[in-house]
Each structure stands twice: as structure tokens, then as C-alpha cells.
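What follows is a short report on a single structure.
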Protein chains: 2
Amino acid sequence: MTGTYARHDIFQAIADPTRRELLSMLAEQEMPVTAISAQFPISRTAVSKHLHILSEAGLVTERKAGRETRYKLQPEALLELKQWLSYYERFWDKKLAALRSFVESGETQDK
Amino acid sequence: MTGTYARHDIFQAIADPTRRELLSMLAEQEMPVTAISAQFPISRTAVSKHLHILSEAGLVTERKAGRETRYKLQPEALLELKQWLSYYERFWDKKLAALRSFVESGETQDK
DNA sequence: ATTATATGATACCTTTTGGTTTCATGTCAA
DNA sequence: TTGACATGAAACCAAAAGGTATCATATAAT
């Protein structure tokens with residue numbers, strides 16, 4: 001955590017397990033920093049830095065409400081990941097198809 | 001890169017841009033280390049380390065063939081990522097549904 | 001007005017990461 | 001069997017990452 005939050009992309013953002021936990025915690029409820037960090041063994045400052053990284057990657061939104069800052073999930077940001085993944089899905093689909101036809105041809109031989 | 005490759009998970013593995021490039025390069029063809037590293041501006045050793053990390057995460061397979069080691073994509077490993085993502089898809093689906101009904105109710109009022 | 005709360009900003013520290021260079025080893029070819 | 005090629009392994013390095021503690025500031029509550 002560098003202090004100058006220099007453009008983390010979504011892949012880096014979700015690489016950290018703590019940040020993935022943060023995302024799941026913020027999926028259903030909007031929460032302020034103190035309430036969030038109470039759920040973690042690390043300091044409030046550390047949690048706050050993770051939240052900034054997630055925010056920078058567009059995965060959560062920050063909203064000031066009086067003296068607190070409330071965070072919640074911005075699920076649309078995960079679309080980029082979904083698209084990245086979809087490119088590779090065809091490769092595992094291809095392998096599954098190959099396996100299926102192999103099994104089927106095996107059955108044909110047996111009959 | 002630590003030398004002792006201590007269990008990288010798939011999220012860490014895909015966090016690095018070089019490693020993501022490696023994956024796309026190995027998606028179609030199986031390739032040996034030297035041929036792979038010729039495509040990158042970094043040293044062969046560095047590429048080799050990235051390949052080990054990907055291999056450890058199950059994203060590529062290593063196969064020794066004579067004096068060379070050939071790598072290729074193991075696309076099934078990405079299933080874990082797909083499952084993680086699918087949990088969040090319902091959140092953005094929910095938002096889309098809310099938006100749609102808002103737009104529709106607006107149209108109703110206009111008529 | 002004064003105190004307590006919620007958070008951000010800084011400075012600092014340690015470990016991990018991504019990279020390099022050099023050396024060792026196994027394999028192929030002449 | 002000697003040399004060239006493909007890799008792995010080790011030692012080392014600078015920068016980034018994750019974390020802490022402390023200080024400053026804005027907002028609420030008494």
C-alpha cells in the first residue's frame with residue numbers, strides 16, 4: 001500500500017483476499033469504514049487503504065454522509081472480468097466437446 | 001518472485017499483466033520457454049518464473065520434451081474464477097432489472 | 001464551547017514481487 | 001566426445017504491497 005494510489009486495475013484489486021472479503025461484505029449492504037473494519041483483524045487504516053484501491057478500480061462507490069464515508073459494491077465493474085473470462089470459456093468448452101465425442105465414439109465401439 | 005514458489009492462487013496468478021499475456025499466448029499453441037520469452041521484453045528467466053507461477057495455480061501445464069519444456073493453457077482452472085464471478089452476477093442483474101422497471105414505469109407515465 | 005467520533009493523511013517498516021546476472025545440468029548434433 | 005542449446009537454480013536488488021502508529025480535521029453530540 002503505497003500511499004499514492006497509482007491506478008490499480010481490477011485484476012490487481014481482486015488479487016488480495018482481504019479485498020475479496022470486502023467486496024462480499026459490501027455486496028448486500030452499504031457500510032461506513034468503522035463498521036467494516038470491525039470485521040477484520042487489521043487496523044482501520046489498512047482497511048481504508050484497501051477500500052480506496054477497490055474504489056479506484058471502480059469496484060465500490062464512496063459516499064460521504066456527515067462524518068462518515070459509506071461504501072458499497074459497484075457490481076458492474078466486474079463486467080470487465082467477465083469479458084476477459086468469456087474469451088477463455090471457448091477453450092474449455094472445446095476440451096469438453098472433444099472429451100464428449102471421445103466418450104461417445106468409445107460407446108459406439110462397445111456396441 | 002521468491003524462488004520458493006509458495007502457493008499462488010488463481011487471483012494472484014492473473015493479477016500480473018505479463019502473466020495474462022502468457023495465458024493468451026498459450027491458449028492456442030503449446031510452446032517451449034525460449035520461443036515464449038522471445039515475445040517478451042524481459043529475460044528468459046523472468047518469463048520462466050511467471051510460467052512456474054501460472055503452473056502452480058493450475059493455469060498452464062508443463063511437459064518435458066527432450067531438452068525443452070513446453071507449456072500450454074489449462075483452461076479448466078479458470079472455472080474457479082467463473083464461479084466466484086457468478087456470485088456477483090446476480091447483483092448487477094438486480095440493478096439492471098431495477099433500471100429496466102424504472103424506465104418502463106416512466107414510459108407508462110408518459111402515455 | 002467542548003468533547004467525542006469518523007475518517008483521511010503521513011511517515012515508517014517489513015515482506016513480497018518482478019526483475020537481473022551468473023552458474024550448473026541435461027540433451028541434441030557434429 | 002565435444003560443443004551448442006534449453007532450462008533450472010541461486011544470489012542479489014529495487015520497488016511495490018500490506019501493514020502499523022500517529023497526527024490533523026471535519027462533524028456530532030453534550
Side-chain angles (χ1 to χ4, degrees), chain A residues 1-26 29-72, chain B residues 1-26 29-72:
Chain A
M1 286 170 169
T2 340
T4 52
Y5 300 110
R7 291 171 217 41
H8 287 81
D9 62 35
I10 199 182
F11 292 94
Q12 285 175 270
I14 65 168
D16 184 273
T18 300
R19 288 197 289 268
R20 290 199 298 279
E21 274 196 68
L22 284 168
L23 288 182
S24 75
M25 183 173 299
L26 297 171
Q29 321 156 35
E30 184 186 50
M31 290 174 79
V33 179
T34 304
I36 297 168
S37 61
Q39 307 288 107
F40 289 86
I42 59 181
S43 73
R44 193 214 72 212
T45 309
V47 169
S48 184
K49 287 182 184 178
H50 282 305
L51 288 168
H52 282 302
I53 290 171
L54 289 173
S55 167
E56 202 184 289
L59 285 163
V60 298
T61 54
E62 280 180 57
R63 182 172 67 96
K64 292 270 303 239
R67 62 183 159 179
E68 46 185 43
T69 309
R70 304 202 185 126
Y71 289 86
K72 72 162 186 279
Chain B
M1 288 167 169
T2 338
T4 52
Y5 302 110
R7 291 168 217 41
H8 287 82
D9 63 35
I10 198 182
F11 292 94
Q12 285 175 268
I14 64 168
D16 184 272
T18 300
R19 286 196 291 266
R20 289 199 299 279
E21 273 196 71
L22 284 168
L23 288 182
S24 75
M25 182 173 300
L26 297 172
Q29 320 158 36
E30 184 185 50
M31 292 174 78
V33 179
T34 303
I36 297 168
S37 62
Q39 307 287 106
F40 289 86
I42 60 181
S43 73
R44 191 218 74 214
T45 308
V47 169
S48 183
K49 287 181 183 180
H50 282 305
L51 288 168
H52 282 300
I53 289 171
L54 290 172
S55 166
E56 204 184 289
L59 284 163
V60 300
T61 54
E62 281 180 56
R63 183 172 66 97
K64 292 270 304 238
R67 61 183 160 179
E68 48 185 38
T69 308
R70 304 201 185 129
Y71 289 87
K72 70 162 187 281

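Naming convention: chains lettered A, B, ... in sequence-line order (proteins, then strands); numbering from 1 in each chain. The model shown is predicted, which means the values in this text are computed figures rather than measured ones.
Note on B/S48: every side-chain N or O is 4.0 Å or more away from OP1 and OP2 of D/dT7. A/H50 has a side-chain polar atom (N or O) that falls below the 4.0 Å cut-off from OP1 or OP2 of D/dG19. Between A/R70 and C/dT7 there is no side-chain polar atom (N or O) within less than 4.0 angstrom of OP1 or OP2. Neither OP1 nor OP2 of C/dG19 sits under 4.0 Å from any side-chain N or O of B/S43. Contact between the side-chain N/O atoms of A/T18 and the OP1/OP2 oxygens of D/dG18 is not found at any separation under 4.0 Å.
Under the salt bridge (Lys or Arg N to Asp or Glu O under 4.0 Å) criterion, B/E30 pairs with B/R63, sequence neighbours left out. Checked against side-chain hydrogen bond (donor to acceptor under 3.5 Å, both in side chains), B/E68 has the following partners two or more places apart in sequence or in another chain: B/R70. Contacts of B/R44 classified as salt bridge (Lys or Arg N to Asp or Glu O under 4.0 Å), with partners at least two apart in sequence or in another chain: none. Remark: B/R67 pairs with no residue by the salt bridge (Lys or Arg N to Asp or Glu O under 4.0 Å) rule, at least two apart or across chains. Shown here are the side chain to side chain contact (heavy atoms under 4.5 Å, CB included) partners of B/S24, two or more places apart in sequence or in another chain: A/Y88.
Of the listed nucleotides (D/dT20, C/dA6, C/dT17), C/dT17 has the atom at the smallest distance from the side chain of B/Q12. Side-chain atoms of B/D16 lie closest to C/dG18 of the nucleotides D/dG19, D/dG18, C/dG18. With D/dG8, D/dA6, D/dG18 as the choices, the nucleotide that has an atom nearest any side-chain atom of B/E68 turns out to be D/dA6. Of the candidate nucleotides D/dG18, D/dG8, C/dG8, D/dG18 has the atom lying nearest to any side-chain atom of A/I53.
Distance, B/E30 CD to D/dA6 P: 16 Å, rounded to whole Å. The CZ atom of B/R20 sits 15 Å away from the C1' atom of C/dG18 (whole-angstrom rounding). If you take CD of B/E62 and C1' of D/dG8, they are 10 Å apart, rounded to a whole angstrom.
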Exercise for the section: Take nucleotides 22-30 of chain D nucleotide by nucleotide from the 5' end and write B, S or -, depending on whether a protein heavy atom sits under 4.0 Å from the base, only from the sugar-phosphate, or from neither. Expected result: B----BS--
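Residue-to-nucleotide proximity on DNA chain D shows that, of B/Y71 and A/I42, the 5′-proximal contact is made by B/Y71.
Side-chain polar atoms of B/E62 and B/S55 form a donor-acceptor pair below 3.5 angstrom.
Among the atoms of the strands shown, only primed sugar atoms or phosphate atoms (P, OP1, OP2) are found under 4.0 Å from some heavy atom of B/T34. Within 4.0 Å (heavy atoms only), A/F40 reaches no atom of the nucleic acid at all.
Smallest separation of non-hydrogen atoms from A/L51 and A/L26: CD2-CD1, 3.9 Å.
Contact of B/K49 with C/dG19 (side chain to base): a donor-acceptor pair of N or O atoms is detected under 3.5 Å.
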